[in-house]
Amino acid sequence: MSQSALNATEKRASISLAVVFGLRMLGLFMIMPVFAYYGKELDGYSPLWVGLAIGAYGLTQALFQIPMGMLSDRIGRKPVIFIGLIVFAIGSVIAAMSDSVYGVALGRAVQGLGAIASAILALAADSSREEQRPKVMATIGVCIGLAFAVAMVVGPLVTQFVGLSGLFYFTALMAILGLLIVKFVVPDVVHKAPAGETVAIPQLLGKLLKKPELLRLDAGIFVLHLTLTAMFVVLPLKLVAAGLEVTQHWLLYFPALILSFIFIIPMLIIGARQQKNKQFFLFSIVLMAASLFLLACANMPLWLILLAVFLYFTAFNFLEASLPAFISMLAPAGAKGSAMGIYSTSQFLGAFLGGVVGGTAYNYFGEQGLFIFIGCLMLCWLVIAFGMSNPSQIRNHVLSIKLMETQQAEQLASQLTQLAGVIEAVVIPYERVVYLKVKHTEFELSQAHKLIKCVN
């Protein structure tokens, strides 16, 4: 078998874990296009509580993302995933049985307690070889993007036939399906990827919070998901006011999403090949800000709303696909797991505050005020992002070594940093691993392997 291809275990792990992750995210996203309208039937309905119900999962996700990842290092990946999916199903049932918006918000918060993203990504890393790990992670990333797209279409359709409570029971069933996939399809592995590649390491968190490059990206995912949650506090109502029945909203979301995926594929390819990731990244932030300011216009015809939503989804999908890759590229050698832990926490915290901000802004400043406010937040992000490095040239490598003394490890690290293109080299003898951050246009991997072989 070619070393450039996934083996059977890697294929099975990547597909099954991507489906589990996707099912869970689908359950979290499906409420977004429908709750602002159908939530009117619940006691205590208000714009603020609509926002809280949509974003409540983000607060508990943010609080438990890193601890659940660390727990998976202690008791195993699968047990944590089982616990998380069961908790998610319980939260779904709580929301389904609630007659008030407060009960739905509680159910959504319980859903978020099942924070299994870190454990799933760690299991994916454990199930793959270092050189194949990016492909496995990319498969999961694509499935998350598809989950969002499917949720925008399926959410209105499911709610039309079974109502809001039925929608939450449906998400509970998806969690149960996820449990079955983890039990019977996801492979059992005894290997553990290097700790720095998978979950957060407490000693590194403080250091990473002081790195401007990573903080720019953390701020970016925070603002991105804040605007997403805030927008859906009012967008379904705007569509109804424009004459599109809530049962037909999928007819707008579906073509907008399909077109957005068609447009971002060449953006991603050209950005990678011509090393213009930063330029496309900044362009997407501008595009999203423009779409939000466009949505702030009053009495918009449906075709103009469709255009604005298409522009928004194009920018969102490009940014959502790019940010994790940038974090992976720019994270210090041996600290990818910790960097991703902070990144995920920022993402979910943004989703929670988006609900609060969206509900409050809509309540006090109306529809136009809300869109103008979150559009201005995107411009603030644009200013922050201008200072970022272009990550196109950066690559990370994880290489295995034999057990060695500390002095040997220090010597090897020093020698590796002398190789052309090496930005940073970290040797961790007790993990028997070397982390390298390099400029791929200047670095030759064979030279690093040769040097490690000589030292070993």
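Numbers here are sequence positions counted from 1.
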Peer 1: Test Val426 against Val433 for side chain to side chain contact (heavy atoms under 4.5 Å, CB included), laying out the working first.
Peer 2: CA-CA 9 Å; Val426 176; Val433 69; over 6 Å; no

Peer 1: For Lys211, does the NZ atom sit with more than 12 other heavy atoms under 6.0 Å from it, leaving out its own atoms?
Peer 2: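 Not more than 12 within 6.0 Å, no.
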
Peer 1: Please check this pair: side chain of Lys78 against backbone of Leu123, looking for a donor-acceptor N/O pair closer than 3.5 Å.
Peer 2: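 A pair under 3.5 Å: no.
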
Peer 1: So among Phe254, Phe261, Phe148, which one has a ring-ring contact (aromatic ring centres under 6.0 Å, His included) with Phe313?
Peer 2: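 Testing each of Phe254, Phe261, Phe148 against Phe313, the sole residue satisfying ring-ring contact (aromatic ring centres under 6.0 Å, His included) is Phe148.
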
Peer 1: Go through Thr314 and Ser260 one step at a time and tell me if the side-chain hydrogen bond (donor to acceptor under 3.5 Å, both in side chains) criterion holds.
Peer 2: CA-CA 4 Å; Thr314 300; Ser260 73; 4.7 Å; no

Peer 1: Does the side chain of Phe373 come within less than 4.5 Å of Val357's, by heavy atoms?
Peer 2: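 The answer is yes, as the side chains (C-beta and beyond) meet within the 4.5 Å cut-off.
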
Peer 1: Check Ala147 against Leu26 and note the closest heavy-atom contact, atom names and distance.
Peer 2: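 Nearest heavy atoms, Ala147 then Leu26: O-CD1, 3.5 Å.
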
Peer 1: For the CD atom of Gln111 and the CD1 atom of Ile94, what is their distance to the nearest 0.5 Å?
Peer 2: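 Between Gln111 CD and Ile94 CD1, I get 9.0 Å after rounding to 0.5 Å.
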
Peer 1: Indicate yes or no for a side-chain donor-acceptor contact from Ser322 to the backbone of Leu319 under 3.5 Å, with no hydrogens or angles considered.
Peer 2: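 No, because the side chain of Ser322 does not come within donor-acceptor range (under 3.5 Å) of the backbone of Leu319.
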
Peer 1: Nearest 0.5 Å, please: how far is CD1 in Ile83 from CG in Leu71?
Peer 2: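 The distance works out to 6.5 Å.
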
Peer 1: For Ala124 and Val136, which heavy atoms make the closest approach, and how far apart are they?
Peer 2: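 The pair with the smallest heavy-atom distance is CB-CG1, 3.8 Å.
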
Peer 1: When you measure from the side chain of His225 to the backbone of Gly354, do you find a donor-acceptor pair of N or O atoms at a distance under 3.5 Å?
Peer 2: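 Absent.
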
Peer 1: Could you walk me through whether Met231 and Phe371 satisfy the side chain to side chain contact (heavy atoms under 4.5 Å, CB included) test, starting with their C-alpha distance in whole Å, then the side-chain angles of each, then the deciding distance to 0.1 Å, before giving a yes or no?
Peer 2: CA-CA 7 Å; Met231 184 179 77; Phe371 283 120; 3.6 Å; yes

Peer 1: I'd like to know if the side chain of Lys238 and the backbone of Ile305 have a donor-acceptor N/O pair within less than 3.5 Å.
Peer 2: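 Looks like no, no N/O pair under 3.5 Å.
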
Peer 1: Side chains of Tyr343 and Pro324, heavy atoms from C-beta outward: is any pair under 4.5 Å?
Peer 2: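 Yes; the side chains approach each other to less than 4.5 Å.
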
Peer 1: As a test of understanding, state which of Leu323, Leu226, Leu215, Asp218 forms a side-chain contact (heavy atoms from CB on, under 4.5 Å) with Ser346.
Peer 2: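 Single pass found, and it is Asp218.
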
Peer 1: Can Phe263 and Phe318 be said to form a side chain to side chain contact (heavy atoms under 4.5 Å, CB included), step by step?
Peer 2: CA-CA 9 Å; Phe263 271 76; Phe318 181 84; over 6 Å; no

Peer 1: Do Val101 and Phe35 pass the side chain to side chain contact (heavy atoms under 4.5 Å, CB included) test, and can you show the C-alpha distance, the side-chain angles, and the key distance before you say yes or no?
Peer 2: CA-CA 10 Å; Val101 70; Phe35 190 71; 3.8 Å; yes

Peer 1: Could you tell me if the side chain of Leu239 sits less than 4.5 Å from the side chain of Tyr253, heavy atoms only?
Peer 2: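 In contact.
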
Peer 1: Is it the case that the side chain of Glu424 and the backbone of Lys437 share a donor-acceptor pair, with hydrogens and angles ignored and the cut-off at 3.5 Å?
Peer 2: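 Checking the backbone N and O of Lys437 against the side chain of Glu424, no donor-acceptor pair under 3.5 Å is found.
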
Peer 1: Measure the CZ-CZ distance between Phe64 and Phe348 for me, rounded to the nearest 0.5 Å.
Peer 2: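 Going from the CZ atom of Phe64 to the CZ atom of Phe348 covers 14.0 Å.
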
Peer 1: Quick one, Ile342 and Leu214 - any side-chain contact, counting heavy atoms below 4.5 Å?
Peer 2: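 When only atoms from C-beta onward are counted, Leu214 and Ile342 do not touch, as no gap falls below 4.5 Å.
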
Peer 1: Roughly how far apart are Thr60 OG1 and Phe352 CZ, rounded to 0.5 Å?
Peer 2: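 Between atom OG1 of Thr60 and atom CZ of Phe352 there are 9.0 Å.
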
Peer 1: With heavy-atom distances below 4.5 Å as the criterion, would you say the side chains of Ile285 and Val223 are in contact?
Peer 2: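 No, every pair of side-chain atoms sits at 4.5 Å or beyond.
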
Peer 1: Counting distance only, does the side-chain N/O of Ser72 pair as donor-acceptor with the main-chain N or O of Arg77 below 3.5 Å?
Peer 2: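 No; judged by distance alone, with no hydrogens or angles, the pair does not exist.
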
Peer 1: Between Thr227 and Leu224 (side chain of the first, backbone of the second, donor and acceptor by atom type, cut-off under 3.5 Å), is there such a pair?
Peer 2: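 Yes, because the side chain of Thr227 sits within donor-acceptor range (under 3.5 Å) of the backbone of Leu224.
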
Peer 1: Measure the spacing between CG of Leu164 and OH of Tyr38 and express it to the nearest 0.5 Å.
Peer 2: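 So the gap between those two atoms works out to 9.0 Å.
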
Peer 1: Please check if atom CZ in Phe82 has more than 12 non-hydrogen atoms from other residues, nucleotides or ligands closer than 6.0 Å.
Peer 2: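 More than 12 within 6.0 Å, yes.
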
Peer 1: Nearest 0.5 Å, what's the OG1-CG distance between Thr9 and Asp188?
Peer 2: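 If we round to the nearest 0.5 Å, Thr9:OG1 and Asp188:CG are 10.5 Å apart.
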
Peer 1: Ignoring hydrogens and angles, tell me if any N or O in the side chain of Arg12 forms a donor-acceptor pair with the backbone of Val185 under 3.5 Å.
Peer 2: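 Pair found, side chain donor or acceptor close to backbone of Val185.
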
Peer 1: Report, as yes or no, whether the 6.0 Å neighbourhood of atom CZ on Phe281 holds more than 12 heavy atoms from other residues, nucleotides or ligands.
Peer 2: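 Yes, CZ of Phe281 has more than 12 neighbouring heavy atoms, counting only those of other groups under 6.0 Å.
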
Peer 1: Just by modelled atom types, is the Ile54 backbone N or O under 3.5 Å from a matching donor or acceptor in the Arg108 side chain?
Peer 2: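 Indeed, once roles are kept as given, a pair shorter than 3.5 Å links the two residues.
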
Peer 1: Can you confirm whether more than 12 heavy atoms, excluding those of Tyr45, are under 6.0 Å from its OH atom?
Peer 2: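 Atom OH in Tyr45 is crowded, with more than 12 foreign heavy atoms closer than 6.0 Å.
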
Peer 1: For Ile374 versus Ala230, what's the shortest heavy-atom pair and its separation?
Peer 2: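 Scanning both residues, the minimum pair turns out to be CG2-CB, 4.0 Å.
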
Peer 1: Nearest heavy-atom pair of Ala172 and Val93: which atoms, and what distance?
Peer 2: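 Looks like CB-CG2, 4.2 Å.
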
Peer 1: Side chains of Glu10 and Ser127: do they bring a donor and an acceptor to under 3.5 Å?
Peer 2: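 No, no side-chain donor-acceptor pair sits under 3.5 Å.
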
Peer 1: Give the minimum heavy-atom separation between Gln65 and Ser118, together with the two atoms involved.
Peer 2: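 What the structure gives for the nearest pair is OE1-N, 3.1 Å.
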
Peer 1: Ala36 and Val50: which non-hydrogen atoms are nearest, and at how many Å?
Peer 2: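 Heavy atoms only, the tightest pair is CA-CG1, 4.0 Å.
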
Peer 1: Would you kindly say whether Ser14 and Thr139 are connected by a side-chain donor-acceptor distance under 3.5 Å?
Peer 2: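 There is no such pair (donor and acceptor under 3.5 Å, judged by atom type) between the side chains of Ser14 and Thr139.
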
Peer 1: Look at atom CZ of Phe283 and say whether more than 12 heavy atoms of other residues, nucleotides or ligands are closer to it than 6.0 Å.
Peer 2: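 Open: at most 12 neighbouring heavy atoms sit under 6.0 Å from CZ of Phe283.
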
Peer 1: Looking at Ile270, is its backbone amide N or carbonyl O close enough to the side chain of Lys276 to form a donor-acceptor pair, meaning the two atoms are under 3.5 Å apart?
Peer 2: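 Such a contact is absent between Lys276 side chain and Ile270 backbone.
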
Peer 1: Does the side chain of Leu42 reach to within under 4.5 Å of the side chain of Tyr102, using non-hydrogen atoms?
Peer 2: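 Leu42 does not reach Tyr102 side chain to side chain.
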
Peer 1: Below 4.5 Å, heavy atoms only, C-beta onward: do Leu257 and Asn317 meet side chain to side chain?
Peer 2: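 Answer yes - side chains close enough.
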
Peer 1: Can you check whether Thr360 reaches Pro47 side chain to side chain, under 4.5 Å on heavy atoms?
Peer 2: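 With C-beta onward as the side chain, the pair stays apart.
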
